[in-house]
Number of protein chains: 2
Amino acid sequence: MFLQRTQKFSLSIPESLAESLEEEIIVGRIKSEERLTEEMVAERYGVSRSPVREALRLLERDGLVIREARRGIWVAPLSQKDFDEVYTCRTPLEGLAARQAALSRDDVLKKELRAVQRELEEAQTNGDVRSFFTADVRGSLMIYKLADNRTLRRLLQSLEKQMLRYRFHAYEQNVDMIKLSLEDTTRIFDAILACNGDAAQSLTENLIHQIWQNMRDEVGRSFGN
Amino acid sequence: MFLQRTQKFSLSIPESLAESLEEEIIVGRIKSEERLTEEMVAERYGVSRSPVREALRLLERDGLVIREARRGIWVAPLSQKDFDEVYTCRTPLEGLAARQAALSRDDVLKKELRAVQRELEEAQTNGDVRSFFTADVRGSLMIYKLADNRTLRRLLQSLEKQMLRYRFHAYEQNVDMIKLSLEDTTRIFDAILACNGDAAQSLTENLIHQIWQNMRDEVGRSFGN
DNA sequence: GACATGTACATTGTATACAGTATGGTGTCG
DNA sequence: CGACACCATACTGTATACAATGTACATGTC
C-alpha cells in the first residue's frame with residue numbers, strides 16, 4: 001500500500017514490530033479502541049513478550065495506543081478533537097521546518113529538492129496519484145533534512161503516525177486534495193529554494209491549515225465531537 | 001525506601017526510576033555523555049534490568065539520553081545547537097498552549113490561575129526565589145490544563161526535561177531572569193484571564209524568546225558551537 | 001433481587017537465565 | 001614494527017519463569 005515497507009535488516013525486532021503494528025492500526029486492520037495484549041502480539045509475530053513490550057512503548061510514544069498501568073493497552077480512539085489537536089500542533093512545527101529548510105545553504109540537498117519538485121509536476125500531469133504521494137512524502141523528508149533539527153524532527157515524527165490514520169481515512173472516503181496540494185507545494189519549494197524563510201513558513205502553515213479544514217468535516221462526521 | 005513510596009503514590013517502578021535518573025541528569029550528578037549501563041542502574045536501585053530498560057526508554061523519549069542499538073545509552077550532550085533546537089520548538093508550542101488556555105471557559109481553573117498569579121507577586125515582593133520558581137511551574141501546569149490539549153502537552157513534556165538541564169545550568173551560573181519574568185508573566189496571565197488568545201500567544205512567544213536570548217550566550221560559552 | 005465478598009483466571013510487571021553482538025587486547029604472521 | 005585475525009569480556013537483546021494485580025463471575029447475605 002502507500003506505506004513503503006522499509007524492512008531493512010538493521011531494524012531491531014521491536015522496531016519492526018512497531019512498524020507492522022503501526023501500519024495495521026493506520027489502515028484499520030487493528031481497529032480503534034481494540035485491546036492489544038502482549039501475549040497475543042507476541043504469539044502472532046513469533047517472538048517473546050520482551051520485544052513486544054518495547055514495541056508497544058514506541059507506539060505509545062507516537063500516540064497510537066493508550067496505556068493504563070497494570071490494565072493494558074488500547075488503540076487510541078480517533079475523534080475530531082484529537083484530529084484538531086494533532087493539526088494545531090503540526091501547523092507551526094511544519095512551518096518551522098520549512099523556514100529552517102529555507103535558511104539552509106546545503107546546495108546539494110536543495111538540488112535534490114528541486115528534482116522532487118519536478119517529479120511532483122510530472123506525476124500531476126500524468127494524473128499518477130501514487131507517484132505524487134510518494135514524491136510528496138520524500139519532499140517532506142528532504143525538508144526535514146534541510147532543516148537539520150533533530151528535536152523538531154522528533155516532535156513531528158511523534159505526530160506523524162496518528163495523522164496518517166486520519167489521512168488514510170480521508171483517502172478511503174475519497175476526500176481528494178491533490179489538486180489543492182500541487183500548486184501550494186510548488187510555491188513552498190520555490191520559497192525554500194529561494195532561501196525565503198518567511199514565505200516558506202507562512203505558505204506551509206497556510207497549506208496545512210487548508211488541508212486541516214478540508215478534512216475536518218469528514219472527520220467530525222465519522223468520529224463525532 | 002522508594003518502593004513503598006511508589007505504591008502509595010501509584011507511580012510504577014520504571015516511572016520512579018526515570019524520575020530519579022532525570023533529576024540526577026538535570027542537576028549534573030550524572031554528567032553529559034556519561035554512559036548508563038542497565039546493570040549499573042539496576043544494581044544501584046536494587047531492581048532487575050527489566051524496569052530499568054523501560055525507564056531508559058522513557059528518558060530516551062524525553063531526549064535526555066541517546067541510544068545506539070546494541071551499543072548502549074549515553075546521556076545526551078548539551079550544546080548551543082541543541083539548546084536552539086529545543087527553544088525554537090518550544091516557542092510556538094508554548095504560544096499555542098497560552099492561546100488555547102485563553103480560549104478556555106473553565107472558570108474554576110481560571111480562578112486558580114489568578115491565585116497563582118497572586119502567589120507570584122507575593123514571592124516577588126518577598127524576594128523568595130524558590131517560591132517564585134514553584135509558583136511559576138504551577139502556573140505553567142495550569143495553562144496546560146486550561147489548554148486541554150493532550151497532544152500539545154505530550155510534545156511539551158518531551159521538551160521539558162532537556163530544557164531543565166539548560167535552565168539548571170543557567171541557575172548555577174546566576175543568570176538571573178526573575179525580574180524579567182514577573183512582569184511579562186503577569187501580562188500573560190492577564191491576557192489568558194481576559195480570554196484574549198492572540199495577546200496570550202504573542203506575549204508568551206516573546207517571553208520565551210527573550211529567555212532564550214538571555215541564556216543563549218552563556219550556553220554557547222559553556223557548551224560550544 | 002441488589003449488593004458485597006471471595007475466588008479463579010487473564011494479563012501485566014519483574015526477575016533471571018541465556019543468546020547475540022560490539023569492543024579491546026593479545027598473539028601471530030607478513 | 002605494523003596489520004590482521006582471533007579470543008575474552010562486557011554488555012545489550014531475547015526468552016522464560018514467576019509474582020502481583022486487576023477483572024469477571026459465582027456465591028452468600030440482607
Side-chain angles (χ1 to χ4, degrees), chain A residues 6-22 24-25 30-77, chain B residues 1-22 24-25 30-77 154:
Chain A
T6 56
Q7 301 231 4
K8 292 179 186 174
F9 294 99
S10 60
L11 273 185
S12 70
I13 291 180
E15 282 166 339
S16 342
L17 283 177
E19 260 193 23
S20 298
L21 290 169
E22 279 161 11
E24 303 217 61
I25 292 172
I30 301 178
K31 295 202 181 74
S32 270
E33 318 207 28
E34 187 172 327
R35 184 165 183 194
L36 290 176
T37 70
E38 297 173 358
E39 224 161 341
M40 264 181 46
V41 177
E43 195 178 354
R44 184 161 163 204
Y45 289 95
V47 294
S48 79
R49 278 176 51 217
S50 312
V52 170
R53 281 179 74 84
E54 309 232 341
L56 292 176
R57 283 271 190 193
L58 294 176
L59 295 191
E60 188 192 10
R61 184 191 62 186
D62 290 346
L64 285 185
V65 301
I66 306 283
R67 189 175 136 153
E68 278 180 70
R70 294 195 172 83
R71 295 204 47 232
I73 288 190
W74 290 264
V75 176
Chain B
M1 273 236 8
F2 76 78
L3 277 183
Q4 286 184 336
R5 207 190 73 192
T6 60
Q7 288 181 351
K8 197 172 177 183
F9 295 107
S10 75
L11 264 185
S12 69
I13 293 180
E15 281 165 341
S16 338
L17 283 177
E19 259 191 25
S20 299
L21 289 170
E22 278 162 13
E24 304 218 61
I25 291 171
I30 301 178
K31 296 202 181 74
S32 271
E33 320 208 24
E34 187 173 329
R35 181 162 185 195
L36 291 176
T37 71
E38 297 173 358
E39 228 162 337
M40 265 182 46
V41 178
E43 196 177 353
R44 185 162 163 200
Y45 289 95
V47 294
S48 79
R49 280 176 51 214
S50 312
V52 170
R53 281 180 74 85
E54 308 232 343
L56 292 176
R57 284 272 190 190
L58 293 176
L59 295 191
E60 188 192 9
R61 185 191 60 184
D62 290 346
L64 284 184
V65 302
I66 305 281
R67 186 175 139 155
E68 278 180 69
R70 295 192 174 84
R71 293 203 52 229
I73 288 189
W74 289 263
V75 176
R154 179 162 61 84

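Just so it is clear: chains get the letters A, B, ... in the order the sequence lines come, proteins before strands, and each one is counted from 1. Computed from heavy atoms alone, side chains included, the values below leave out hydrogens, waters and symmetry copies.
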S.K.: Quickly, which of E38(A), E54(A), E43(A), E39(A) forms a side-chain hydrogen bond (donor to acceptor under 3.5 Å, both in side chains) with R49(A)? Name it, please.
M.R.: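 Between R49(A) and the candidates, side-chain hydrogen bond (donor to acceptor under 3.5 Å, both in side chains) is satisfied uniquely by E38(A).
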S.K.: Whole angstrom is fine here: how far is it from CD1 in I13(A) over to P in dT12(D)?
M.R.: 17 Å
S.K.: Does any residue of residues 31-42 of chain B have a heavy atom under 4.0 Å from DNA chain D, and if so, which ones, in number order?
M.R.: R35(B), L36(B), T37(B), E38(B)
S.K.: Looking at CG of L36(A) and CZ of R44(A), how far apart are the two atoms once the value is rounded to the nearest 0.5 Å?
M.R.: 9.0 Å
S.K.: Which heavy-atom pair separates I13(A) from P51(A) by the least distance, and what is that distance?
M.R.: CG2-CB, 3.8 Å
S.K.: Return the residues of residues 45-55 of chain A meeting this criterion: a heavy atom under 4.0 Å from some atom of DNA chain D. Order them by number, or give none.
M.R.: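 V47(A), S48(A), R49(A), S50(A), P51(A), in order of number.
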S.K.: Quick one: closest heavy-atom pair of I25(B) and V75(B), and the distance?
M.R.: CG2-CG1, 3.8 Å
S.K.: Restricting to non-hydrogen atoms, name the atom on L17(A) and the atom on A55(A) that form the minimum distance, rounded to 0.1 Å.
M.R.: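 Heavy-atom minimum between the residues: CB-CB, 3.7 Å.
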S.K.: Rounding to a whole Å, what distance do you find between R70(A):CZ and dG22(D):P?
M.R.: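 These atoms are roughly 7 Å apart.
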S.K.: Counting C-beta onward and ignoring hydrogens, is there a side-chain heavy-atom pair between L59(B) and E22(B) closer than 4.5 Å?
M.R.: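 Heavy-atom side-chain distance check passes, below 4.5 Å.
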S.K.: First locate atom CZ of R61(A), then atom CG of D62(B), and finally report the distance between them rounded to the nearest 0.5 Å.
M.R.: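 Between atom CZ of R61(A) and atom CG of D62(B) there are 11.0 Å.
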S.K.: Which part of the nucleic acid, if any, lies within reach of I73(A) when heavy atoms closer than 4.0 Å are counted: base, sugar-phosphate only, or nothing?
M.R.: nothing
S.K.: For residues I73(A) and R67(A), report the shortest heavy-atom separation together with the two atoms involved.
M.R.: CG1-CG, 3.6 Å
S.K.: Quick check for you: name the first and last nucleotides of DNA chain C, 5' to 3', having an atom under 4.0 Å from a heavy atom of chain A.
M.R.: dT11(C) to dT14(C)
